[in-house]
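Only one structure is covered here, and it is reproduced in the block below.
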Amino acid sequence: MTKFLCPMTDGGITKQFGGSHWGVDYGWVKTINAPVMAIADGVVVDNFYSASCGYSLVIKHPTEKGWRFATFIHLNKAAEPKIGDNVKQGDVVGYRGNTGKSNGPHLHFGLTSETKKEYYWNIVKELAINPHPLMCKSA
């Protein structure tokens, strides 16, 4: 079973997965620029800005049964890794922010179930799972 790192080392979980909330929020702290880390080795499949998500990044992680897609939303600026870049577990891939429809500094982190489907944006909501039980404590 693939072991994932927690994407943040500070801030704690401030909103759990469930209902219409398809991810976990880390933060609501004063420090906007805390580092956000890759949870496992993978490849960047999306790096974008939208009015609702702000600056965001999606990383595809190989597993024993296909892939998982990790989403990092409300980053403070465009993430350094670009589409097609490989990342290693623990690499800093962005910084916590307050962009898009956000009410304070935090990271909205999402994870999909294992799938063999190729990435497209709606997959992160359609296959969303609670990432917290799969996370290690921290890097």
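On a predicted model such as this, the values are computed, not experimentally measured, just so you know.
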Task: All side chain to side chain donor-acceptor pair (under 3.5 Å) counterparts of H108, not counting sequence neighbours - done: H21, D25
Are the side chain of [X] and the backbone N or O of [Y] linked by a donor-acceptor pair below 3.5 Å?
| X | Y | value |
| --- | --- | --- |
| E114 | R68 | no |
| H61 | D41 | yes |
| H132 | N130 | no |
| T99 | L75 | yes |
| N47 | L57 | no |

Can you tell me how far apart [atom1] ([X]) and [atom2] ([Y]) are? Round to the nearest 0.5 Å.
| X | Y | atom1 | atom2 | answer |
| --- | --- | --- | --- | --- |
| L107 | N98 | CG | CG | 12.0 Å |
| F109 | F72 | CZ | CZ | 5.0 Å |
| E80 | D91 | CD | CG | 12.0 Å |
| W67 | K116 | CH2 | NZ | 7.5 Å |
| N86 | I59 | CG | CD1 | 10.5 Å |
| I39 | L134 | CD1 | CG | 8.5 Å |

Open item on the list: So for atom CZ, which belongs to F17, do other residues, nucleotides or ligands contribute more than 12 heavy atoms lying within a distance under 6.0 Å?
Closed with: yes
Task: Neighbour count above 12 (heavy atom, 6.0 Å) for K82 NZ - done: yes
Open item on the list: Would you call the rings of F48 and W121 parallel, tilted or perpendicular, taking 30° and 60° as the class edges?
Closed with: perpendicular
- [ ] Check the angle between the aromatic planes of F69 and Y119 and answer parallel, tilted or perpendicular using the 30° and 60° thresholds.
- [x] tilted
- [ ] Check V43 against G84 and note the closest heavy-atom contact, atom names and distance.
- [x] CG2-O, 3.6 Å
Task: Where A38 and V87 come nearest, the two heavy atoms and their spacing - done: CB-CG2, 4.0 Å
